[in-house]
Amino acid sequence: MIGSQPRPESSQGGVVQAVIQNIINGTMMGCIYALITLGLSLIFGVMNIVNFAHGDFVMISMYFTFWASSLWAIETVATPLITFPFLFLFGILTYYLIIHKTLREKYVIQIAITVGLMTFLRAVAQLLWKASPRAISYSIVQGTFVIGNYTIMMSRFTSAVVSVAVIYLFSLFLNHTWQGRAIRAASDDLDAASLMGISYKWTYALAFGLGTAITAIAGGMLMTFQQVDPTMGLRFGLLSFCILALAGLGTTLGIIISGVIVGIAESLAMGMWDPRASSLVVYMIFILVLWLKPRGLFGRK
Amino acid sequence: MQNLQTMKQKRSIPYTAIVLFIIALVLPILFRRSQYNLILLTTVVMYGVLATSWNIIGGMAGQFDLAAGAYLGLGAFTSGTLLIRWDITPWLGMPAGGLIAIGFAVLIGYPLFRFRVREVWYALSSAALVSVLRVAFLMWEEVGGPTERYIPYHDWSFYHLRFSSYIPFYYIMLILLVIALFINHWLSRRKLGYYLLALGDNEDAAEILGVNAQACKLKALMIYAFIGGMVGGLYACLYGFIHPKFFSNTMSLEVAILGIVGGMGITYGPLLAAAILVSMREFLRASLGGQMQSLYLGIYSFVLIIIVLFKPQGLGALLRDIYSRLNYIFRKESPKP
Amino acid sequence: MVNNKAILKIEGITKRFGNLVAVDNVSFEIYKGEVLGLIGPNGAGKTTLFNTITGLLLADGGKVYFKNQDITNEKPYKICKLGMSRTFQVTQSFISMSVEDAVRVGAYNRHDERKVEDQVNQMIEFFGLNAIRKKKCEELGLAPLKRVEVARAMATDPDLLLLDEAGAGLNASEMSELMEMLKEINREKGTTLCIVEHVMKMVMGICQRIVVLDYGELIASGTPEQISSNQKVIEAYLGKRAVK
Ligand SMILES: Nc1ncnc2c1ncn2[C@@H]1O[C@H](COP(=O)(O)OP(=O)(O)OP(=O)(O)O)[C@@H](O)[C@H]1O
Ligand SMILES: [Mg+2]
């Protein structure tokens, strides 16, 4: 289970208050999920590369944050300054070393190779940081503040705000810079884009690098309030594919809304039903969406 | 695919198969002193069974299924629960587990294929299914729950399928392997097999030629689920307990990977991959042991990536290339009169 | 040969992609035993019409009757079982299968395990695929690939075969070979053919009747002579060329 949800006090406020408290928590968590999904949407939505290891990049980012914060005493919130460029390079390297060769293969081969990558990252994490969960000892964004009857954790609140801000900056980047437009052009029509003088190899590498680097920010934010262990990657991976399925491909706002929906569903299931039920609910939503709305709630493709 | 081989190669397959089968029969006698080696052998054969049956849905029908753990878990819980609660023999429990797995496969597969959930999304939803079942069984206290449920101990009982040695398990698993291989081989020269291969390659074109894709995929899924459920029933007895962690994503992923590394649609490929990779994994695990806990996983996945990167057609195809090359050299040097 | 009995009847078929009306209220009939040409400039909606008839796309309006049976939006495999098959403009091959296995997939449509081998051999023989029958479809060039597509479609024993640009990309001798083959199919097996083709020589050479689509609409139908002097058709083609 990810993070310990602050349990609402039961007695007086009653069910309504508990529900609202869970919705608040879920919304904040959902924003971070949306940020993770944004990275995947660059990789899968734009380049059509099936990356099963995406969640494991998040996991690795969280460990890097842990290192940066515990070895060099860097403030957790500031660690993305170091981990972002690092994961960017890591993503580019991964693209050139293994992903590029699979572009023209069947999707099956891409799944196989990224599952291999996933296992590899997990093994590396286990080797470097052992199997036991790790958490940072201190961050400036600690404590809680209270609005009315509701308690809000400072760390989650900050993370949500940062996530939304980063998502916004990214959509600006995609829409208004030359590189961003190149990425979108390459996704719309590879041949036309290469005719216009866009090197698709570099554009893809860039998109893959950015998609990976975004997980550095998400990982840094997640680390401010929860632990990391080597096996949590697959869960993030499935979760972000789930949100992507819900959002449909191609809309940033859709990703945020879907992320929040999933976050709230998870939080409500955890708080109101059974702590273990969160993933149950999320995957049920996922399977239902695939059955009923294969193009997502906000899809356009 | 056998159909690509020349008639000569076709005939030579049974001989090779018979030799390998005899070796498989003798192996446990060679290793009888070491329980560790015996369970290793059994594990290799088990992955062989799972990957071979995965070949039907994944390799032939082209549906990247990641739910092997779901069917295995269902089989284990069916057979285990029947044995623990009502003392019903696993010999009935195994097929019962297979049937429950089939029921579940239909429940899930029917809407998925009906609504044309394809490719990545099929893969992901089957992976999600494993997680859903794991959590559901963790929460379902009557049957599952967070603690292991142990199967009553018997020193040597065929009725309860409990033995103080792994040898009987090995042989039963071997029977399942032969069944799985036989089904694969039989399918590959039947209408359903050709239909599956066709729709795995190109669904639209297959349907235009009269292939009912939805029904064929469902049939493939049912066969695969049944074998998975049977293996699960045996798995419970082999380990002596049932636990929701049997619904394992890792194992499901590994089965699919073995299917791909072995060569999609090649009957003997997945078994070959299981024999090489699973024993390599276990060997690494044993020899690296304590201090380097996860190094084996790192090496293992590294080898996987290398194979998929440089031989996407799989080990089966590689072996076939080598075989025909050898054949060629051999014939050249000594032409038959 | 033409006995004016409709084998396929299309009534007001419409197919939209978003705002684009790719096929707009098209009606015509295909008579039993004839060779019908379906022509029109690029993007006229010919392939889309084929896809709608064969059930790969769902129609937004209209009806399709095959042998007096309503097959509108029926599943492709059911339509095939009724006796209709087709080839694709962009070849859709079974890349991992051998030529004879690809043909076998079609042959299973009407033949059980015992008789399927005969059907496969017959088709391989008829389409002259003997030399490459063991080859993987992946390894084939465009011309043999197109031939395999016709062979596997014919292996389903169709009464009506829809051919979508079977001649595109072939050189002159391959082209005339294909024409002979199609004529033979029509003559000997009595299969009704509907041919989409850009190469006028082929269309004029083997079609007994022609219908013309432009921007999704049916603009003319008649014998080759009537069509080649039809003002609307000439405009449709010239207009297209003038734009280029
Ligand atoms: N899947 C689709 N989604 C959106 N538009 C489509 C789709 N398929 C076809 N179209 C559009 O529908 C119109 C008709 O296309 P169609 O392929 O049927 O033409 P055609 O007559 O076969 O042309 P050609 O001679 O080039 O093969 C075109 O404008 C095409 O761009
Ligand atoms: Mg066309």
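So that the names make sense, note that chain A is the first sequence line, chain B the second, and so on, each numbered from 1. Computed over heavy atoms, backbone and side chain alike; hydrogens, waters and symmetry mates excluded.
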query = Taking C:Leu56, C:Asp112, C:Thr87 one by one, which has the highest count of heavy-atom pairs under 4.5 Å against chain B?
reply = C:Leu56
key: Interchain contact, C:Ile79 with chain B, by part (heavy-atom threshold 4.5 Å)   = neither
ask   = For C:Thr54, is it the side chain, the backbone, both, or neither that has a heavy atom closer than 4.5 Å to a heavy atom of chain B?
value = both
request  = Answer yes or no on whether C:Arg147 is positioned over the face of C:Phe127, meaning its NZ or CZ is under 6.0 Å from the six-membered ring centre and within 45° of the axis.
outcome  = no
message = For C:Glu117, is the CD atom crowded, meaning more than 12 foreign heavy atoms sit under 6.0 Å from it?
response = yes
ask   = Taking NZ, NE, NH1 and NH2 as the nitrogens, is one of them in C:Asp101 or C:Arg133 under 4.0 Å from a carboxylate oxygen of the other?
value = no
remark   = Whatever's closer than 4.5 Å to a heavy atom in chain B on C:Ser93 counts as backbone
Check residues 58-65 of chain C and write down every donor-acceptor pair under 3.5 Å in which the side-chain atom is one partner and the other belongs to a residue at least two apart or another chain.
{"from": "C:Asp60", "atom 1": "OD2", "to": "C:Arg16", "atom 2": "N", "distance (Å)": "2.6"}

request  = For this output row, return yes or no: ring centroids of B:Phe64 and B:Tyr122 closer than 6.0 angstrom.
outcome  = no
message = Any carboxylate oxygen within less than 4.0 angstrom of a Lys/Arg side-chain nitrogen, looking at C:Glu174 and C:Lys146?
response = no
task = Let me know if C:Tyr108 has heavy atoms under 4.5 Å from chain B in its side chain, its backbone, both or neither.
result = both
ask   = Which residues in residues 210-223 of chain B have a heavy atom less than 4.5 Å from any heavy atom of chain C?
value = B:Gly210, B:Val211, B:Asn212, B:Gln214
request  = May I ask you to decide whether C:Lys134 forms a salt bridge with C:Glu100, counting only side-chain N to carboxylate O separations under 4.0 Å?
outcome  = yes
query = Salt-bridged, B:Lys191 to C:Glu113, with N to O below 4.0 Å?
reply = no
